[in-house]
Amino acid sequence: MLSAEQSCWFVRKVIFWRAVASIAWAVLLLPPITAVFVIISRFSLLHPIQAVSECLSFLTSASAIFSFILLCGVIIMVGFLNLEYYTVIPTIACSKIALLGQLLHPRQFVNSLGHCIMGIIVAWCCAITVGGRYETIADPCAQGDGSPQMCLNEYHLILLLAGAFVGFSHSLLGVIYNMNYVSFHTVQQYKYLRFKGSLSLVLKCSATQALYSVRNYIVVYFFLGYIPKAWICKTLNLHLNSSVHPLDSIAGLLDLSLLYHLWISASFLLFTWHLTLLLFRVFVTEVYSFPVQSSFTEDAHQCLPTVLTDKQPMILKFLALLDLALLSQHSPSRRSEVFSLSQPGGHPHNWNAISKECLSLLADLTQRLIAYHDTVATNGRAKSLSTGSERKTSSESSVTSGTEDLMSPRPTLLMKTPASVFARSIVGCPQSPLTAPFTPDLDSPFASPALRRLTAPMDQCSPWFGTVQSPHIMRRVPKLWSTSTDSQVNGSPLASPASVPSPKQEPSKPSLLAQFLQNRKEQVKNVLAKRVLIMYLFNKLPEASSQALFADSQAHIWALEGLSYLVQSSFSEDQFGVVQTALPSILSCMLGLQEAVDRHFKLPHASSKPVRSASSMGDSTHKTLRFALRATLKTSIYRITTTFGNHLNAVKMSAEHRKRLQQFLEYKE
Amino acid sequence: MQLYPVVTQITAIWTNFLFHTFTTYSTICTRDSNTVYCHINLLSCSYIYQLMSFYINSPLSCAVVVPKWLSVSSGCTLALLRWFSSFHGSLFPHLTVSCMSSEDMLAEFSQVLNWSDCVVRAFAWHPHTDKFAVALLDDSIKIYNPKSATTPTLKHRLQRSVAAVQWKPLCATALAVACQNCLLVWHVDPCSLSTRPSSGCAQVLSHPGHSPITSIAWSPSGSLLVSASPMDTAMMVWDVASESGVPLQRVGGGGVTFLSWSPDGSHVLASTPSALFRVWETRMWTCERWPCVKGRCQSGCWSPDGSRLLFTVQGETVIYALTFTDTPAGVPTCTSKGSQAAAVVADLSETTFNTPDGDIIVGGEIQSLAWDPTGERLAVLLKGDPQAADRPAIIAVFKTRTNPIFELLPCGFVQGEPGTEPRLMQFHPNFQHGALLTVCWSSGRITHMPFYFLSAGVPHFGLSGSPSLPRPQERPADFAKQSLFTELMS
């Protein structure tokens, strides 16, 4: 997978160098940050001048230079982890279990381990920097009998472990808050200004996150601190100094200076890492201007029309679409290249390629929405199916995104859920028709046909196929599940007729119900208790399905903007009328998408606004992408209708679309 | 601002001290150059500055022979203080401005004349249709639509002290409202029959420190919304759909009071409370600084092609013009090179007119400017003097031409009924037969004044029946009956 991404010229020539530049800047910024850290950590109010001179002498000492080199190494490592793990399409966990799966994924485990080790290294540098009692791990101490021996310096240990803990929690929070997601800003700014604008936010985030991490760490150390202490003592053959108060006690941890140093070290650690991440985001999301057409054939693969159709590195597609949106909006000369005809032959190849790709993107989204809506509609409410269908859409997107979604835990999930379905079908089937004839069962994810279909091998290779092709088949499945008795469990669900009338089975049930209630009360209780936990894990997080559905909508937004601006400017700039031919398909595609989006927003949870979390490095723009898409879609259609006005009545389209278009022409949408 | 009385007291003591010990100038001056320095803080420096300049310039000091080193050091001190106090406003806009309440601030920086007692506090035409929104004194907003019988009234818990409203371009529903503490974006369905849309239809956009909001502007492409507050040095650029805002901060000026987006979407005018305004270029969001000589930029408007900016400065009676030429397309440079200095295009200093009703003095400071979308008429709202009966607030209308050269010709005045004065004006964004100026009067009446003319720049195809000939509008209020429709305010 890695080789596929590496092979792309864009990643090799652009993204890689952008990442290198961002790392270089992070390394360059390290000396001032370290100097500030040294001053803050060593400053004392009582002897300010002495403290400053001490700081200066420390900064020139050999140990400081050595620890600085280590810090540089850590920054470079963090930068490469950023490059390795970043994604432009966020991975959205639709249930607690999916989130758990993400956290336990081997790739994530490697990431956490790396962050742990780097945390220890940074904490060691901090210990050297702060100096004093933190400096060494072993102190000479006098034992009871007066013989000198080496004792463990717990202050050093607590700082090192704090580094490991903060690094680990940073990597976990990264998964939960999608910190590896790189979002694109609607407001284009120069790199320096973007960096400067976000700097204060990064500082605030680092300080608050460090505060929470240190709080959690202290709790953990209070209860479990004796384990690493004993282990270190054993491996390094050190003794515990009995004359010093142990730190994993209340009195030991209530040392304000210790807490301050822990917090300041954690802030320093997080700030340098967050800064590296910020620089990486700023550099990677910078606009890249692709040539619209090239006079040399060997450069043809770098031109906008070809680059747009590339599936492989998602970042390339995104940057190409961004460039398209910007050129259609701001630069008439590049627009004229788009509208131009090929020299021999006179074909509008550029426009054809661009419009085709944009339209296929939009059509893809429309299909996805319709399929999702059908799946939901068949089961009445959105709840039961969404877990399954999201998984489908996201796995679909991971198919297109290819290596971008490397850390996506979908495969493990796909393996896991079928197992639980089977577990349920053995344990829970008997009472499912009894305790809850229909609705609660539909709400539970086990009964969902989507999950069931996940067991089928077909779904794993082409996860989409089933939903689009056969909505009526699925319509049958839930009934079969809910009405299925023991005899039907093993039978093929497709073989039995769809119209098994459920009321028919009802009369026979009360006796069964009584039997079960009387005989297996204890068992039901056990199962229910298990179910609460399982339900907690499997229950869909609200609105996550909508988020997952629109996870890559930034691409659609740019496609819409690019198309609509090009169509708008074609009114005056398109000399050969190349856009005219595509106008009906563009309009019908947009109107179709508009209809699908409207229908989607009528679903529960789709239009509820997410809670905004301001103070976190994680980017939450993906949570509002669906709203942005809806607004952009409307604006795009209006852009076309206001430009062309009544001329659009001459465009051929279906009656339904014409009706919808008329709404736009009268400004009633 | 509890610090002010304390400071005043200190300076009072100092004044006494200075004057009591005046005979021994050396004492004063050493006090002067030592102690005053020690007491410099940002609050008191302007006071001390005034005090010192008074002392240096006072006739008493002339009688004393001042040694040269003393005068030089005092001069340096003064220069330093002056330099320091120049930063005062730019670094801490809150200190200069926050002695006003937010209501006063809104009144000060609003485009509406006498905003605080105005019945109609804000007015906005929809950019594409014939509906408009009116914000009233009781903080409600009414939407009038000639095609619909219902008049939706928008009320929201947070909708207080509305300073500006604006419809989103390329959208039928969204209306942005600048309130005291936040920014509201209403989504009013034009097909809905409801007269009281619930507050669930409003999006609330807020950012810490960004209030009160005095001005808002939508990008003509409808994608972004900028908002300005005199208390916040940053201008916010909102992506309304995702409710995320990007603060654009620059040092100097302190706060942003008025925003105007050029019709072609390439530039944004942002004026500050101090004698400085900025013109942002919207592609990469860089800005040009334009320091003014006298006061802050009070109002401004763009020509329809976005190449020319007219603006007025508080305390001056002239209209300035700035031209912006677009960079060659495709070249990714982002600073727009234009003229290096603003040119005076019109002098509106006071002139006496003889009318049958008596002499009227017209002219003076300018409250706001409006340029019609065809670029043929410019309306200028003159402040007048509320105390003097013969100097009413009045709207002066100019004929303008932008191509091939910029021309400005006087056209006429718009005056209301006796006893009323114009407070707010706006041109209809797409009036077919010329220009339609809507004026909100102090009486609460809103009138539409059509200017019929054949546009020179935009040829009118298929315009059945020539409209009435262009004629001078000495009292065009009479034509209000011919307008599309008239809404009378209660």
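Just so it is clear, the values below take in all heavy atoms, side chains as well, and ignore hydrogens, waters and symmetry mates. Quick note on labels: first sequence line is chain A, next is B, and so on, each numbered from 1.
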When rounded to the nearest 0.5 angstrom, what is the spacing between [atom1] in [X] and [atom2] in [Y]?
X        : Y        : atom1 : atom2 : answer
B/Leu170 : A/Gln568 : CG    : CD    : 7.5 Å
A/Lys668 : B/Ser192 : NZ    : OG    : 13.0 Å
A/Gln188 : B/Thr282 : CD    : OG1   : 11.0 Å
A/Gln329 : B/Ser219 : CD    : OG    : 8.0 Å
A/Phe627 : B/Glu243 : CZ    : CD    : 8.0 Å
A/Gln663 : B/Cys191 : CD    : SG    : 5.5 Å

Item to check | Side chains of B/Lys147 and A/Glu666 in contact at under 4.5 Å (non-hydrogen atoms) | outcome: no

Next on the checklist: Using side-chain heavy atoms (C-beta onward) and a distance below 4.5 Å, is B/Arg250 in contact with A/Leu193?
Outcome noted: yes

Checklist entry - A/Tyr667 vs B/His128 aromatic rings, parallel, tilted or perpendicular, using cut-offs 30° and 60°? => result parallel

[X] versus chain B, the contacting section by heavy-atom distance below 4.5 Å:
X        : answer
A/Glu669 : backbone
A/Thr635 : both
A/Tyr565 : side chain

Next on the checklist: Does B/Gln249, at its CD atom, have more than 12 non-hydrogen atoms belonging to other residues, nucleotides or ligands within less than 6.0 Å?
Outcome noted: yes

Checklist entry - Is atom CD of A/Glu573 surrounded by more than 12 heavy atoms (other residues, nucleotides or ligands) closer than 6.0 Å? => result yes

Item to check | Where B/Ala241 and A/Ala628 come nearest, the two heavy atoms and their spacing | outcome: CB-CA, 3.5 Å

Checklist entry - Is the backbone N or O of B/Ser221 less than 3.5 Å from a side-chain atom of A/Arg639, with the two atoms forming a donor-acceptor pair by type? => result yes

Checklist entry - Which one, A/His185, A/Gln189, A/Arg626, leads in non-hydrogen pairs under 4.5 Å with chain B? => result A/Gln189

